[in-house]
Amino acid sequence: MINLLQQCIQKAMTDCTDLIVPNDFEIIVQPSSRDRLGDYQTTVALQLAKPNRCKPLVLADKIAQTLKKEALFTKVSTAMPGFINLTLENNFLSTQLNARSHDPRLGIKKLLRTETVVVDYSSPNVAKEMHIGHLRSTVIGDAVVRLLEFFGHRVIRRNHVGDWGTQFGMLIEYLLEKDITVTDDLAIAHLNAWYQAAKQKFDRSLDFSDRARKRVQKLQQGDPTSRAIWQRLVVLSKKNFQDIYIQLDVLLKAEDWKGESDYQELMPQVIKDLEKKNKLTYDQGAQVIFLDGFVDRDKKNLPMIVKKSDGSYLYASSDLAAAYDRIHHLHATRLIYLADARQQQHFNMLFAALHQSDWVSDIHRLEHIAFGSVLAKDGKPFKTRSGGTIPLQTLLDEAEKRATRIVQEKTPDLAQKEQQRLGHHLGIGALKYADLRNDSIRDYRFDWDSILSLEGKTAVYLQNAYVRIHALFRKGNLPWKPLQVGISIHSPEEHALAVKLLALEGLLLSIESQISHLYRLCHYLYELAQHFHKFYEYCPIWSLAEESQQYSRLQLSYLTATTLAVGMKLLGIQPIERM
């Protein structure tokens, strides 16, 4: 739709023969901020006023006169200081909707130029429970993957798991000291408790901390006892993580797992490449990269340590090796990382190191999608009553339980298994939408009553619109598929709904280039559901005498449901047909 409007405006500008238009000029068209002004709005007159030495409103009036000749507009008006407002003609809207009504992709084509993109997300630590802090990385990352795949990009998922380093020497030494055997049926909570106990002992006992560090060296050197215990920790954790991913309905699979350990053999090659390019410096026995623009509190150059003086590697080292692998072996041109906002400096330094090492060029994009924290209703950190971090499993189970209760109240006649299925999708969807509807960089407050409300910006509100449309088809004993009839737009409510439906493609294309703006899709779906509920209220269907209008409105409803479903699935939310 946006492209078509841009073409019309371009033609109008060309028809204004004395108009000066810069070579790199971009025609900006966006949905109108106020429905009463029109459906779309363009700022071309404001953009062109300076090079044409003309008042914006005068220029807007001139371009508007040409636009009024176009058949797709029923009204073209101008407003201070130089906006041009466009109202689309109903027959044009009907034609556009009918062209999309039988297409599950809604006429949205895959991009002609696609990339290989690696998305690094979730990233839990072995031998520790996933907690509420992992929700954001997993949910946002999954939506990023879905949107990029929708447009045809080759997307490689990477779950960069913490499975190496000092913490494992510490935990393995503790398990050996206490003669604890790690079995396949062990609960992850036990590992979590043992890890915390090991950490406390590590901090208190010099003897234990020394043995733990030696255990790390044994692990890295291939000691059979250490490796056997470590391997069992990995297997147990992988199973636990995968169970959570299945419950969360995300795309991460076991084959997407890439632990820090997977990059250890690549480290020498990375070091060799950096040495060959004279990018490494020895500093107090360690090999480091000094990066332009990074200084500590004393204004001294802040290095990225690549290899410690004892020959061991760090978190930054594995990130460098992972990036090297993704660029040189996977041939990715876009690297996206989902990580807490507190890691902003780390990723700024990582990206600077990649540029300084000449591993990336102008064809590459490096993006860190930073996110804030999940807070309690009172704005404080969201924790258990005892002050601990809430396990993610606990949160998911509670969401399903509360949502199933809603389903049971709404549809008590459904079989229990079906109620639980719907409760699962409703609860998990509610959690995802509550997270994604916020600008990722901001903290947000977690409130069960708000998340599962039938009103406001919630997944439940979207699902309710989708459920209503299914109910319309059930009432008419119609199969759930598009009708073989055309849509005809007449009423203001139909017009507003049609305009909103046609806005999806432009929105998704915009988000594809600014991938952290997923919250805009959440807002769009909420507004679409609002428009449908208003249409549902003012435009009766089965009570109408005119059959052609009934089926036109049913088809418009079906297209609305399809659009809601496409949008929700891009967010990782499964639509439900009953509530």
Determine whether His346 and Asp319 satisfy the following criterion, side chain to side chain contact (heavy atoms under 4.5 Å, CB included), listing intermediate values before the conclusion. CA-CA 10 Å; His346 166 74; Asp319 265 354; 2.6 Å; yes
Arg157/Glu149 salt bridge by N-O under 4.0 Å criterion: yes
Could you check whether atom CZ of Arg474 has more than 12 heavy atoms from other residues, nucleotides or ligands sitting under 6.0 Å from it? yes
Audit row: Phe446, Lys377, side chain to side chain contact (heavy atoms under 4.5 Å, CB included) steps and yes/no: CA-CA 6 Å; Phe446 190 96; Lys377 190 176 179 179; over 6 Å; no
So for atom NZ, which belongs to Lys410, do other residues, nucleotides or ligands contribute more than 12 heavy atoms lying within a distance under 6.0 Å? no
For Tyr174 and Trp194, what are the C-alpha separation, side-chain angles and deciding distance, and is it a ring-ring contact (aromatic ring centres under 6.0 Å, His included)? CA-CA 8 Å; Tyr174 180 85; Trp194 292 331; 7.8 Å; no
Can Ile489 and His495 be said to form a side chain to side chain contact (heavy atoms under 4.5 Å, CB included), step by step? CA-CA 6 Å; Ile489 302 298; His495 181 102; 4.1 Å; yes
Strictly distance-based, threshold 3.5 Å: is any side-chain N or O of Gln463 a donor or acceptor partner for the main-chain N or O of Gln574? yes
May I ask you to decide whether Glu577 forms a salt bridge with Arg421, counting only side-chain N to carboxylate O separations under 4.0 Å? yes
Would you say the side-chain atoms of Ser318 pair up with the backbone N or O of Tyr315, donor to acceptor, closer than 3.5 Å? yes
Return yes if some donor-acceptor pair links the side-chain N/O of Asp103 with the main-chain N/O of Arg105 below 3.5 Å, else return no. yes
Ring centre gap for Tyr337 and Phe351 strictly below 6.0 Å: yes
What is the distance from atom CD of Glu400 to atom CD of Gln420, rounded to the nearest 0.5 Å? 9.0 Å
Plane angle bin for Tyr461 and Tyr526 - parallel if under 30°, tilted between 30 and 60°, otherwise perpendicular: tilted
Does atom CG of Asp378 have more than 12 heavy-atom neighbours, drawn from other residues, nucleotides or ligands, at distances under 6.0 Å? yes
Is Arg402 salt-bridged to Glu398, going by a charged N under 4.0 Å from an acidic O? yes
Less than 6.0 Å separating the ring centroids of His470 and Tyr466? yes
Would the number of heavy atoms belonging to other residues, nucleotides or ligands and lying under 6.0 Å from NE2 of His190 be above 12? no
Just by distance, no angles: are the side chains of Tyr121 and Asn159 close enough, under 3.5 Å, to form a donor-acceptor pair? no
Could you check His160 against Tyr263 for ring-ring contact (aromatic ring centres under 6.0 Å, His included), going step by step and ending with a plain yes or no? CA-CA 10 Å; His160 191 77; Tyr263 297 107; 5.6 Å; yes
Just checking, is any N or O donor in the side chain of Gln247 or Gln393 under 3.5 Å from an acceptor N or O on the other one? yes
May I ask you to decide whether Arg158 forms a salt bridge with Asp120, counting only side-chain N to carboxylate O separations under 4.0 Å? no
Does the pair Tyr524 and Thr563 meet the rule for a side chain to side chain contact (heavy atoms under 4.5 Å, CB included), with working shown? CA-CA 11 Å; Tyr524 167 85; Thr563 306; 3.7 Å; yes
Taking salt bridge (charged side-chain N to carboxylate O under 4.0 Å, His left out) as the criterion, tell me which of Lys457, Arg520, Lys500 meets it with Glu527. Lys500
Tell me, with the steps shown, if Tyr519 and His517 meet ring-ring contact (aromatic ring centres under 6.0 Å, His included). CA-CA 5 Å; Tyr519 65 91; His517 289 189; 5.5 Å; yes
Polar side chain donor-acceptor pair, Arg100 to Gln96, under 3.5 angstrom: yes
Take atom OH of Tyr538 as the centre, draw a 6.0 Å sphere, and report whether it contains more than 12 heavy atoms from other residues, nucleotides or ligands. no
Side-chain H-bond candidate by donor/acceptor type, Ser261 with Asp163, under 3.5 Å: yes
Do side-chain atoms of His425 reach the backbone of Leu422 as a donor and acceptor pair under 3.5 angstrom? no
Distance, nearest 0.5 Å, that separates CG of Leu507 from CD1 of Ile2: 9.5 Å
Tell me, yes or no, whether the heavy-atom count around Gln416 atom CD, taken from other residues, nucleotides or ligands under 6.0 Å, exceeds 12. no
Strictly below 4.0 Å, N to O, side chains only: are Arg154 and Glu115 in salt-bridge contact? no
Tell me whether Lys239 is salt-bridged to Asp243, with the criterion being a basic N under 4.0 Å from an acidic carboxylate O. yes
Parallel, tilted or perpendicular: which one describes the rings of Tyr558 and Phe473, with boundaries at 30° and 60°? tilted
May I ask you to check whether Arg334 and His153 show a side-chain donor-acceptor distance below 3.5 Å? no
Specify the closest pair of heavy atoms between Ser237 and Ile188, including all atoms of both residues, with the distance to one decimal. OG-CD1, 3.9 Å
Between Asp256 and Leu251, the two heavy atoms sitting closest are OD2-O, 3.8 Å
